[in-house]
Asks: 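Can you read through this structure? Questions will come right after.
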Amino acid sequence: MKNNLVRYVILFSIAISVCSTLYPLDEESFLTNYLWDSFVNLKPPKRPKIALVLGGGGARGLAHIGVLKVLEEEKVPIDIVTGTSVGALIGALYCSGVNIEKIENMAENIGWDDLVNVSGPTLAKLLIANRLLSSERMEKYLRDNIGNLRFDELDTKFACVATDLVTGERIIFREGEVVPAARASATVPGVFEPVEYRHRYLVDGGLFDNVPCDVAELLGADFIIAVSVSGDFSKNKISNVFMVLSQAISIQGRLLDQESLKMADIAIQPYVGDISSIDLGHSRECVDAGILAARKSIVKLKHMLINKTSDQYLFE
């Protein structure tokens with residue numbers, strides 16, 4: 001290792017001398033880029049096993065797509081993905097091999113009629129419905145893009161979280177079919193009918209674990225990147241029963257996020273302002289917010305991962 005290090009120092013010094021005569025050079029950036037090129041070619045256990053944790057937040061969670069775009073562009077290796085609610089939906093699509101450009105296009109074109117069994121639903125229809133809505137269309141939408149894949153068939157290890165509405169237990173899905181698990185994780189209580197699964201009645205995992213960092217640890221993560229998309233719920237207009245429910249879930253989610261994020265090595269928190277959790281019309285703003293937040297974090301992220309990797313592998 002010492003010989004490799006000496007060789008590197010000599011080569012680095014020569015490169016600095018040559019390049020500095022052509023244009024001003026940021027030595028720290030040069031070193032980071034050199035080491036990062038070595039890092040991305042490593043596989044665990046030579047580098048940390050990296051998990052991406054995607055939190056709940058309804059329509060605001062479309063910001064996850066922007067984060068994923070930047071991580072892919074920067075070649076950040078992702079070994080594990082865990083998700084809750086919208087994070088489970090996007091995580092399921094990504095881990096099944098749907099490319100990020102297609103997921104982004106899906107986000108820009110999705111509407112409530114793709115997700116609920118109401119023809120052309122509006123907020124008013126959601127509010128006056130005399131029964132809870134079915135999320136069967138959500139399952140069909142996912143199945144059209146994922147098929148019947150099981151967790152053990154995914155390109156990337158994946159798990160998602162739901163809540164048993166009867167017992168209050170957290171249910172961690174990491175085996176069986178992916179689509180019903182992701183649907184259950186994203187079934188908002190009080191709006192959608194609970195998903196019946198193996199004699200359980202399941203709803204949104206955000207009631208229990210909105211940013212499931214602990215699940216990432218359970219799956220063997222050495223380094224956790226958490227994405228939280230909590231909005232500013234103080235700006236919400238609480239004018240009806242639905243918004244009261246949404247506000248209560250947002251408050252609980254914020255409290256849960258604060259504890260979960262303590263387990264993350266780095267937290268990316270896109271600014272999604274006062275975008276409502278049910279407003280699917282702002283997908284572009286959400287994706288852009290994710291891109292911006294990830295860009296702000298990427299240098300720190302690279303430094304942390306490089307520092308967590310042994311020199312003997314970076315310089316071999």
Side-chain angles (χ1 to χ4, degrees), residues 50-73 76 78-112 114-115 135 137-147 149 151 154-162 173-174 178-188 204-206 209-213 215-216 224-231 253 257 267-270 272 275 277-280 282-291 293-294:
I50 303 168
L52 178 65
V53 179
L54 304 176
R60 295 188 298 269
L62 299 178
H64 293 322
I65 299 169
V67 174
L68 278 165
K69 285 187 71 173
V70 173
L71 295 181
E72 276 204 349
E73 289 169 4
V76 178
I78 302 298
D79 305 295
I80 299 164
V81 176
T82 64
T84 294
S85 196
V86 63
L89 299 179
I90 293 174
L93 289 166
Y94 184 77
C95 291
S96 68
V98 180
N99 68 61
I100 196 64
E101 288 77 17
K102 181 176 179 180
I103 296 174
E104 183 177 13
N105 184 62
M106 290 165 62
E108 291 179 353
N109 292 286
I110 197 169
W112 277 105
D114 296 306
L115 304 176
S135 59
R137 283 192 183 177
M138 182 191 300
E139 180 163 333
K140 181 182 184 304
Y141 184 81
L142 288 172
R143 202 172 293 282
D144 286 345
N145 290 279
I146 295 176
L149 286 177
F151 280 85
L154 295 174
D155 293 347
T156 304
K157 185 182 290 188
F158 174 63
C160 61
V161 177
F173 286 99
R174 49 179 176 166
V178 175
V179 167
R183 173 193 174 191
S185 182
T187 296
V188 181
D204 199 307
D209 196 354
N210 200 48
V211 185
C213 293
V215 178
I224 296 175
I225 306 166
V227 187
S228 170
V229 290
S230 296
D257 287 3
I268 299 175
Q269 298 177 281
V272 285
I275 295 175
S277 61
I278 63 170
D279 190 351
L280 295 173
H282 289 277
S283 63
R284 184 70 264 161
E285 293 95 319
C286 290
V287 172
D288 288 345
I291 290 172

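Along the sequence shown, the residues carry numbers beginning at 1. Any value given below was found using the heavy atoms of this structure, including those in side chains, with hydrogens, waters and symmetry copies removed. Keep in mind it's a predicted model, so treat the numbers as computed, not measured.
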Asks: Considering only heavy atoms from C-beta outward, does the side chain of Met106 approach that of Leu93 to under 4.5 Å?
Replies: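 Yes; the side chains approach each other to less than 4.5 Å.
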Asks: Which atom pair, heavy atoms only, marks the closest approach of Ala294 to Val70?
Replies: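 Smallest interatomic distance, heavy atoms only, reads CB-CB, 3.6 Å.
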Asks: CG/Asp257 to OG/Ser228 distance, rounded to the nearest 0.5 angstrom?
Replies: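 Asp257 atom CG to Ser228 atom OG measures 4.0 Å (nearest 0.5 Å).
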Asks: Taking Arg60 for its side chain and Ile275 for its backbone only, find out whether a donor-acceptor pair lies under 3.5 Å.
Replies: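 Pair found, side chain donor or acceptor close to backbone of Ile275.
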Asks: So how far is it from Ile268 CD1 to His64 NE2, rounded to the nearest 0.5 Å?
Replies: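 Atom-to-atom, Ile268:CD1 and His64:NE2 are 11.0 Å apart.
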Asks: A side-chain contact here means heavy atoms from C-beta on lying under 4.5 Å apart; do Val81 and Leu154 qualify?
Replies: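 No; the side chains remain at least 4.5 Å from each other.
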Asks: Kindly give the heavy-atom pair with the smallest separation between Cys160 and Phe151, and that separation in Å.
Replies: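 For Cys160 and Phe151, the tightest heavy-atom pair comes out as SG-CZ, 4.3 Å.
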Asks: Using side-chain contact (heavy atoms from CB on, under 4.5 Å), reason through Met138 and Leu89 one step at a time and then give a plain yes or no.
Replies: CA-CA 10 Å; Met138 182 191 300; Leu89 299 179; 4.2 Å; yes
Asks: Distance from Ile100 atom CD1 to Leu68 atom CG, nearest 0.5 Å?
Replies: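 The CD1 atom of Ile100 sits 4.5 Å away from the CG atom of Leu68.
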Asks: Flag the pair Thr82 / Val161 as yes when at least one side-chain heavy-atom distance between them is below 4.5 Å, and no otherwise.
Replies: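 No, side chains not in contact.
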Asks: Just checking Arg143: does its CZ atom have more than 12 heavy atoms from other residues, nucleotides or ligands closer to it than 6.0 angstrom?
Replies: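 Yes - once you tally the heavy atoms of other residues, nucleotides and ligands closer than 6.0 Å, there are more than 12.
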Asks: Once rounded to the nearest 0.5 Å, what's the spacing between atom CD1 of Ile291 and atom SG of Cys286?
Replies: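 One gets 11.5 Å once the value is rounded to the nearest 0.5 Å.
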Asks: Which atoms form the tightest heavy-atom contact between Asp204 and Ser85, and what is the distance?
Replies: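 That closest heavy-atom pairing would be OD2-OG, 2.8 Å.
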Asks: If you define the side chain from C-beta out and look only at heavy atoms, does anything of Arg284 sit under 4.5 Å from Glu104?
Replies: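 They are in contact (side-chain heavy atoms under 4.5 Å apart), so the answer is yes.
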Asks: Does the pair Val67 and Ile225 meet the rule for a side-chain contact (heavy atoms from CB on, under 4.5 Å), with working shown?
Replies: CA-CA 10 Å; Val67 174; Ile225 306 166; 5.7 Å; no
Asks: Sub-3.5 Å donor-acceptor pair from the side chain of Arg183 to the main-chain atoms of Glu139, do we have one?
Replies: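 Checked: no pair found.
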Asks: Nearest heavy-atom pair of Ser185 and Gly83: which atoms, and what distance?
Replies: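 Looking at all heavy atoms of both residues, the closest pair is OG-O, 4.2 Å.
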Asks: Can you measure from CD1 (Ile65) to CD1 (Ile90) and round to the nearest 0.5 angstrom?
Replies: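 It comes to 4.5 Å.
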Asks: For the atom pair CD1 (Ile78) and OH (Tyr94), what is the distance rounded to the nearest 0.5 Å?
Replies: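 So the CD1 of Ile78 and the OH of Tyr94 are separated by 6.5 Å.
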Asks: Which pair of heavy atoms, one from Phe158 and one from Cys95, lies closest together, and at what distance?
Replies: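 Heavy atoms of Phe158 and Cys95 come nearest at CB-SG, 3.8 Å.
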Asks: Would you say the side chain of Val211 lies within less than 4.5 Å of the side chain of Thr84, judging by non-hydrogen atoms?
Replies: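 Heavy-atom side-chain distance check fails, nothing below 4.5 Å.
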Asks: What pair of heavy atoms forms the shortest contact from Leu62 to Ala107, and how long is it?
Replies: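 Minimum heavy-atom contact is CD2-CB, 3.9 Å.
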Asks: Side-chain contact, heavy-atom cut-off 4.5 Å: Ser96 with Val178?
Replies: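 SC-SC contact between Ser96 and Val178 ruled out.
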Asks: Walk me through whether Val227 and Leu52 qualify under side-chain contact (heavy atoms from CB on, under 4.5 Å).
Replies: CA-CA 8 Å; Val227 187; Leu52 178 65; 3.9 Å; yes
Asks: State whether the side chain of Asp209 and the backbone N or O of Gly205 hold a donor-acceptor pair below 3.5 Å, judged by distance alone.
Replies: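 Absent.
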